[in-house]
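Report on one structure; see the data block that follows.
Basis for what follows: all heavy atoms, side chains included, without hydrogens, waters or symmetry-related copies. A quick note: this is a predicted structure, and the numbers were derived from the prediction, not measured.
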Amino acid sequence: MSHTLHRRLAATATAVALGATALTACGSSGGDDQADSGPVSLTYWAWAPGMDKVADLWNKKNPDIKVTVKKQAAGDDLVAKIITASKAHQAPDLVQAEYQALPTLVSNDALADISKEVGDAEKEFAPGVWQQTTLGSDAVYAVPQDSGPMMFYYRADLFKQYGLSAPATWDDFAKTARALKKKAPDKALTTFSSNDSGLFAGLAQQAGAKWWTVEGDKWKVGIDDPATRKVADFWGGLVKEGAVDNQPMYTPAWNKALNTGKQIAWVSAVWAPGTLTTAAPETKGKWAMAPLPQWTKGDNATGSWGGSTTAVTTDSPHKAAAANFATWLNTDPQALAALVKESGIYPAATAAQTSGALAKAPDFFANQPDFYTRAAGIAKTTAPASWGPNVNVAYTAFKDKFAQAAKTRSDFGTALTAMQDATVADLKKQGFEVAP
């Protein structure tokens with residue numbers, strides 16, 4: 001494996017924090033399968049629906065390597081469960097892991113480096129997506145499964161009615177928000193929501209933020225960096241002046257605002273049509289999708305909101321077979337078509353983003369037949385992201401501090417500093433070395 005990054009991640013924590021095995025090599029997968037005689041059984045922990053049906057396709061073609069899917073809860077619960085299982089050497093062979101969870105799992109010695117087993121899979125993915133599975137090193141800790149490139153959604157009919165156009169820059173976005181308020185004071189362009197940290201993280205990523213980086217054998221936290229501060233100040237300013245709403249997403253009130261045209265745009269990701277279908281059913285066929293506004297006119301970058309990978313654990317006695325399945329699952333055309341159909345995901349593999357089930361627009365966007373062609377173009381511009389071993393703490397601090405700031409329309413910069421401080425304090429508490 002690429003021991004460098006693993007050692008650097010592991011060395012930044014005390015042996016107590018990571019368990020006594022933290023500083024040992026993370027089970028290089030060379031030769032472990034050659035000793036197997038007879039069929040291999042692999043267990044895959046995943047939360048995406050229908051994953052067992054996709055695995056069945058593999059099992060029919062590969063009778064000697066049987067994959068059994070065990071359905072799990074998503075998010076932090078699964079991360080905690082994997083770490084616990086890994087410490088007891090009872091982890092499954094494969095796991096569905098969100099991009100931002102990878103550093104936590106790597107620093108807990110739960111994931112194997114599969115760089116030797118995945119061949120040239122890298123070429124199947126956008127560079128900014130692949131980079132999240134390598135943690136910026138020469139190791140590969142997972143194969144990308146789905147991704148969430150961000151884009152701008154707006155009510156085409158209402159934009160036309162009020163003489164507005166899709167904003168090309170964030171400056172245009174602010175002007176559009178103000179223009180709408182003048183013409184229709186009871187409406188808002190959108191809302192700043194504090195209940196989904198992934199949205200803010202994606203916006204910061206687009207602006208060039210690097211929230212966690214490794215310097216030597218220390219973690220450096222850059223949540224309160226110039227790029228993120230620019231994003232926080234921008235939204236804080238719009239909330240303070242009342243140009244955008246300050247209510248959280250995913251509430252009955254938010255659904256109603258979207259459904260009745262009280263809120264006429266949404267900064268979201270490629271999976272938005274599914275959410276709009278249930279949140280705003282009466283607006284079907286009235287929305288349009290455009291690229292995310294840019295900080296500088298002519299730039300071409302987007303952030304990522306959501307998405308997951310398939311990783312092989314250090315516990316797996318069959319790492320080569322497991323990596324073989326992970327690669328097939330996320331690059332094979334038949335597997336990808338099944339993932340779209342059965343699991344409803346937006347595949348990270350670029351070739352699958354405009355083929356098969358994604359050849360025609362989502363029903364809700366039947367008025368925009370080139371929806372997935374445009375989305376695929378946007379997905380290629382995904383900016384790199386940098387995650388650390390305590391994303392959950394940063395996300396909780398965001399929800400807490402930004403909810404307060406949004407509600408009272410007070411300074412977002414103060415909330416950002418508090419988020420940085422909470423993240424640094426937690427890293428130190430866990431025994432990680434933190435660079436100033």
Side-chain angles (χ1 to χ4, degrees), residues 26-27 29 32-33 36 38-99 101-102 104-106 108-114 117-119 121 124-125 133 140-147 306-349 352:
C26 68
S29 38
D32 57 343
D33 293 65
D36 292 322
V40 166
S41 287
L42 302 175
T43 307
Y44 178 24
W45 285 3
W47 70 82
M51 196 62 83
D52 51 337
K53 291 178 182 163
V54 187
D56 284 346
L57 296 173
W58 164 272
N59 291 334
K60 283 191 185 98
K61 287 181 174 175
N62 299 276
D64 288 341
I65 303 172
K66 184 176 188 263
V67 177
T68 303
V69 176
K70 295 204 169 169
K71 190 82 185 276
Q72 304 293 326
D76 293 344
D77 292 346
L78 181 56
V79 174
K81 193 174 173 182
I82 297 160
I83 291 168
T84 304
S86 183
K87 286 191 193 312
H89 297 295
Q90 291 176 340
D93 298 275
L94 294 133
V95 66
Q96 183 179 4
E98 290 175 291
Y99 294 99
L102 293 176
T104 307
L105 294 170
V106 170
N108 278 279
D109 200 26
L111 301 186
D113 170 17
I114 51 172
E117 287 72 37
V118 295
E124 307 290 336
F125 305 95
T133 67
V140 175
Y141 292 106
V143 182
Q145 185 158 87
D146 56 324
S147 66
S308 62
T309 68
T310 311
V312 176
T313 68
T314 44
D315 270 357
S316 175
H318 312 293
K319 291 184 184 66
N324 194 0
F325 170 76
T327 308
W328 170 86
L329 180 65
N330 300 306
T331 62
D332 178 84
Q334 191 190 4
L336 290 162
L339 279 174
V340 173
K341 180 174 174 271
E342 304 293 352
S343 308
I345 70 157
Y346 182 73

For the NZ atom on Lys71, are there more than 12 heavy atoms of other groups (residues, nucleotides or ligands in this structure) within a distance under 6.0 Å? yes
Side chain to side chain, Pro317 and Asp93, heavy atoms closer than 4.5 Å: yes
Go through it in stages, so that I can follow the logic: the residues are Asn330 and Thr310, the test is side-chain hydrogen bond (donor to acceptor under 3.5 Å, both in side chains), and I'd like the CA-CA distance, side-chain angles, deciding distance and then a yes or no. CA-CA 8 Å; Asn330 300 306; Thr310 311; 2.9 Å; yes
Would you say Asn108's side chain and Ala110's backbone share a donor-acceptor pair under 3.5 angstrom? no
Return yes if some donor-acceptor pair links the side-chain N/O of Asp146 with the main-chain N/O of Tyr346 below 3.5 Å, else return no. no
What are the two closest heavy atoms between Asp109 and Thr314, and how far apart are they? O-OG1, 2.8 Å
Rounded to the nearest 0.5 Å, what separation is found between the OG1 atom of Thr309 and the CG atom of Leu102? 4.5 Å
Main chain of Val140, side chain of Asp113: is a donor-acceptor contact present, judged purely on distance under 3.5 Å? yes
Lys53 (side chain) donor-acceptor with Gly50 (main chain) under 3.5 angstrom: no
In this structure, NE2 of His318 is separated from OG1 of Thr43 (nearest 0.5 Å) by 9.0 Å
Main-chain N/O of Thr327 paired with Thr331 side-chain donor or acceptor, under 3.5 Å: yes
Nearest 0.5 angstrom please: Asp332 CG to Leu57 CG, how far? 9.0 Å
Close side-chain approach of Val40 and Asp64, heavy atoms under 4.5 Å: no
Exam field: side chain Ser308 to backbone Gln96, donor-acceptor pair closer than 3.5 Å: no
Answer yes or no: is there a donor N or O on one side and an acceptor on the other, between the side chain of Trp45 and the main chain of Ala91, under 3.5 Å? no
Atom pair CG/OH of Asp52 and Tyr44 - distance to nearest 0.5 Å: 11.5 Å
Full working for side-chain contact (heavy atoms from CB on, under 4.5 Å) between Phe325 and Ile65: CA-CA 9 Å; Phe325 170 76; Ile65 303 172; 5.6 Å; no
Heavy-atom pair of closest approach, residues Ala335 and Leu329: CB-O, 3.5 Å
Note, Val69 side chain near Val54 side chain (heavy atom, < 4.5 Å): no
What's the separation between atom CD1 in Ile345 and atom CE in Met51, rounded to the nearest 0.5 Å? 6.5 Å
Which pair of non-hydrogen atoms, one from Ala326 and one from Leu94, has the smallest distance, and what is that distance? CB-CD2, 4.0 Å
I need the minimum non-hydrogen distance between Leu336 and Pro347, along with the two atoms involved. CD2-CB, 3.9 Å
NE2 on His89 to OG1 on Thr313, rounded to 0.5 Å: 11.0 Å
Before giving the answer on side-chain contact (heavy atoms from CB on, under 4.5 Å), spell out for Phe125 and Ser147 the whole-Å C-alpha distance, their side-chain angles and the decisive distance to 0.1 Å. CA-CA 10 Å; Phe125 305 95; Ser147 66; over 6 Å; no
Can any side-chain N or O of Ser343 pair as donor or acceptor with the backbone N or O of Pro49 at less than 3.5 Å? yes
Could you report the tightest heavy-atom contact between Val67 and Asn59, atom names first, then the distance? N-OD1, 2.8 Å
Val95 and Leu111: which non-hydrogen atoms are nearest, and at how many Å? CG1-CD2, 4.2 Å
